[in-house]
S.K.: 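Before we start, here is the structure in question, set down as structure tokens.
We number each residue from 1, following the sequence as shown.
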Amino acid sequence: MTGFKRTILTAEKSDKVSGVLQQRLVDLVDLALQLKQAHWCVVGNNFRAVHLQLDEIIVDVRAGSDEVAERISALGVAPDGRSQRVASSTKLAEISAGFESTKDTISVVADRLQTTIEGLRDSIEKLDDLDLISQDMLIAISASLEKHLWMVQSQEL
């Protein structure tokens with residue numbers, strides 16, 4: 001229930017857009033949590049560089065999740081970033097709880113970024129006829145994550 005007197009989109013469009021955005025919110029929240037887990041548990045050669053790089057990515061992912069959640073709110077729908085919702089709805093594979101080498105961490109992080117970007121790109125297409133403002137927001141988030149993916153996977157070569 002919203003209680004807002006003024007709406008941005010029709011109720012039907014708002015429901016569709018918020019549904020699309022909710023999945024992106026879940027994946028971004030999970031990505032930030034997984035990146036933090038990787039940050040804490042990375043070991044080995046180039047530890048410091050990877051450790052610091054993960055924090056840089058986390059800043060952008062958290063900013064993106066906040067933008068998505070606030071857009072859902074602006075549409076008059078309550079965003080759901082609770083741990084139970086994230087755990088039950090994420091599209092990301094689970095990350096290991098143990099220590100991982102920098103090599104394995106880089107591969108896992110690149111995989112999680114790719115999955116998140118694929119979801120963002122899918123949602124960008126879905127929003128084309130529904131809400132260009134939400135679409136533009138996801139394009140910006142995707143651009144940032146695609147740059148991070150490039151920088152992460154460049155280390156695998």
Side-chain angles (χ1 to χ4, degrees), residues 1-40 42 49-95 105-156:
M1 185 166 98
T2 165
F4 295 156
K5 288 194 221 176
R6 293 156 199 89
T7 58
I8 297 169
L9 302 173
T10 66
E12 181 183 350
K13 277 191 176 183
S14 183
D15 286 345
K16 287 179 182 177
V17 172
S18 62
V20 169
L21 294 178
Q22 178 60 48
Q23 184 59 55
R24 301 295 59 88
L25 174 61
V26 164
D27 289 350
L28 288 166
V29 169
D30 191 27
L31 179 61
L33 292 169
Q34 288 198 32
L35 290 171
K36 204 55 164 168
Q37 181 69 28
H39 166 86
W40 295 324
V42 63
V50 174
H51 181 77
L52 295 174
Q53 183 181 28
L54 291 172
D55 265 345
E56 292 171 2
I57 301 168
I58 290 165
V59 168
D60 287 348
V61 173
R62 285 181 175 163
S65 68
D66 193 51
E67 283 187 64
V68 171
E70 290 176 353
R71 181 64 182 168
I72 295 169
S73 290
L75 296 173
V77 177
D80 190 352
R82 296 173 300 158
S83 59
Q84 299 88 341
R85 177 69 183 266
V86 172
S88 68
S89 302
T90 186
K91 301 298 184 199
L92 278 62
E94 188 174 11
I95 193 169
T105 298
I106 287 165
S107 180
V108 165
V109 167
D111 289 345
R112 297 313 179 276
L113 283 167
Q114 181 179 13
T115 300
T116 305
I117 291 164
E118 287 170 351
L120 286 163
R121 285 182 161 269
D122 180 62
S123 292
I124 288 165
E125 287 182 34
K126 288 178 181 174
L127 292 173
D128 195 42
D129 293 328
L130 293 171
D131 182 25
L132 296 178
I133 302 301
S134 295
Q135 182 189 52
D136 186 57
M137 175 190 65
L138 294 186
I139 290 169
I141 294 167
S142 184
S144 172
L145 295 186
E146 288 178 22
K147 182 177 178 181
H148 285 300
L149 175 58
W150 161 60
M151 291 183 171
V152 168
Q153 69 181 351
S154 291
Q155 297 172 75
E156 290 182 304

S.K.: Please report the interatomic distance CG(Asp60) to CG(Leu28), rounded to the nearest 0.5 Å.
M.R.: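 Between atom CG of Asp60 and atom CG of Leu28 there are 11.0 Å.
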S.K.: Would you check if Gln37 and Leu33 make a side-chain contact, meaning some heavy-atom pair closer than 4.5 Å?
M.R.: no
S.K.: Indicate yes or no: at least one non-hydrogen side-chain atom of Val50 is less than 4.5 angstrom from one of Gln155.
M.R.: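 When only atoms from C-beta onward are counted, Gln155 and Val50 do touch, with a gap below 4.5 Å.
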S.K.: For Gln135 and Asp128, which I'm curious about, is there any donor-acceptor pair between the side chains at under 3.5 Å?
M.R.: yes
S.K.: Can you tell me how far apart CD (Glu146) and CG (Leu120) are? Round to the nearest 0.5 Å.
M.R.: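 One finds 8.5 Å between CD of Glu146 and CG of Leu120.
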S.K.: Roughly how far, to the nearest 0.5 Å, is CD of Glu56 from CG of Leu54?
M.R.: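 Answer rounded to 0.5 Å: 9.0 Å.
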S.K.: Give me the atom names and distance for the closest heavy-atom approach of Leu25 to Ser65.
M.R.: CD1-O, 3.4 Å
S.K.: Kindly give the heavy-atom pair with the smallest separation between Gly64 and Ile141, and that separation in Å.
M.R.: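 The pair with the smallest heavy-atom distance is O-CD1, 3.6 Å.
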S.K.: Going through the distances and angles, do Asp131 and Ile8 end up as a side chain to side chain contact (heavy atoms under 4.5 Å, CB included)?
M.R.: CA-CA 10 Å; Asp131 182 25; Ile8 297 169; 5.6 Å; no
S.K.: Considering all heavy atoms of both residues, which atom of Leu149 and which atom of Ala110 are nearest to each other, and what is their separation?
M.R.: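 Here Leu149 and Ala110 meet closest at CD1-O, 3.5 Å.
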S.K.: Can a donor-acceptor pair be found, under 3.5 Å and without considering hydrogens, that links the side chain of Thr10 to the backbone of Lys13?
M.R.: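 Yes, because the side chain of Thr10 sits within donor-acceptor range (under 3.5 Å) of the backbone of Lys13.
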S.K.: Between the side chains of Gln114 and Gln153, is a donor N or O closer than 3.5 angstrom to an acceptor N or O?
M.R.: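 Result is no, nothing qualifies.
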S.K.: Indicate the atoms forming the closest heavy-atom contact of Gln23 with Ser89, along with that distance.
M.R.: NE2-O, 3.0 Å
S.K.: Answer whether the closest heavy-atom distance between the side chains of Val61 and Leu35 falls below 4.5 Å.
M.R.: yes
S.K.: For a side-chain contact (heavy atoms from CB on, under 4.5 Å) with Val86, tell me which candidate from Asp27, Val29, Leu92 qualifies.
M.R.: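 Filter result, single survivor: Val29.
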S.K.: Verify, without hydrogens or angle tests, whether Ser14 (side chain) and Leu75 (backbone) share a donor-acceptor contact under 3.5 angstrom.
M.R.: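 Yes: the side chain of Ser14 pairs with the backbone of Leu75.
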S.K.: Rounded at 0.5 Å granularity, tell me how far OG in Ser144 sits from CD1 in Ile117.
M.R.: 9.0 Å
S.K.: Kindly indicate whether the side chain of Ser123, heavy atoms from C-beta on, has any atom under 4.5 Å from the side chain of Leu21.
M.R.: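 No. Closest side-chain heavy atoms not under 4.5 Å.
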S.K.: Between Ser18 (side chain) and Asp15 (backbone), is there a donor-acceptor pair under 3.5 Å?
M.R.: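 It does hold such a pair.
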S.K.: Assess whether atom CD of Glu156 is packed by more than 12 heavy atoms of other residues, nucleotides or ligands within 6.0 Å.
M.R.: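 It does: Glu156 CD has more than 12 such atoms within range.
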S.K.: Would you mind reporting whether Asp122 and Glu118 have side-chain heavy atoms less than 4.5 Å apart?
M.R.: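 No. Closest side-chain heavy atoms not under 4.5 Å.
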S.K.: With the side chain counted from C-beta on, respond yes when Met151 and Ile57 share a heavy-atom pair under 4.5 Å apart, and no when they do not.
M.R.: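 No, side chains not in contact.
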S.K.: Charged N to carboxylate O below 4.0 Å: is that the case for Lys91 and Asp30?
M.R.: no
S.K.: With a 4.5 Å limit on heavy-atom distance, are the side chains of Leu138 and Val68 in contact?
M.R.: yes
S.K.: I'd like to know if Arg24 and Glu67 make a salt bridge, using a cut-off of under 4.0 Å between side-chain N and carboxylate O.
M.R.: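 No, this pair does not count.
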S.K.: Output the distance between atom CD1 (Ile139) and atom CD1 (Ile124), rounded to the nearest 0.5 Å.
M.R.: 5.0 Å
S.K.: Can you confirm whether more than 12 heavy atoms, excluding those of Lys36, are under 6.0 Å from its NZ atom?
M.R.: yes
S.K.: Any idea which heavy atoms bring Ala32 and Ile58 closest together, and the distance?
M.R.: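 Taking every non-hydrogen atom into account, O-CG1, 4.3 Å.
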S.K.: Does CD belonging to Glu12 count more than 12 external heavy atoms closer than 6.0 Å?
M.R.: no
S.K.: Just verifying a value: how many Å separate Gln34 CD and Thr116 OG1, rounded to the nearest 0.5 Å?
M.R.: 8.0 Å
S.K.: Does some side-chain heavy atom of Val26 sit less than 4.5 Å from a side-chain heavy atom of Arg85?
M.R.: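 Side chain of Arg85 against side chain of Val26, heavy atoms only: contact under 4.5 Å found.
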S.K.: Let me see the working for Leu9 and Val17 under side chain to side chain contact (heavy atoms under 4.5 Å, CB included), right down to the final yes or no.
M.R.: CA-CA 9 Å; Leu9 302 173; Val17 172; 4.0 Å; yes
S.K.: Where do Pro79 and Ala69 come nearest, in terms of heavy atoms and distance?
M.R.: CG-O, 3.5 Å
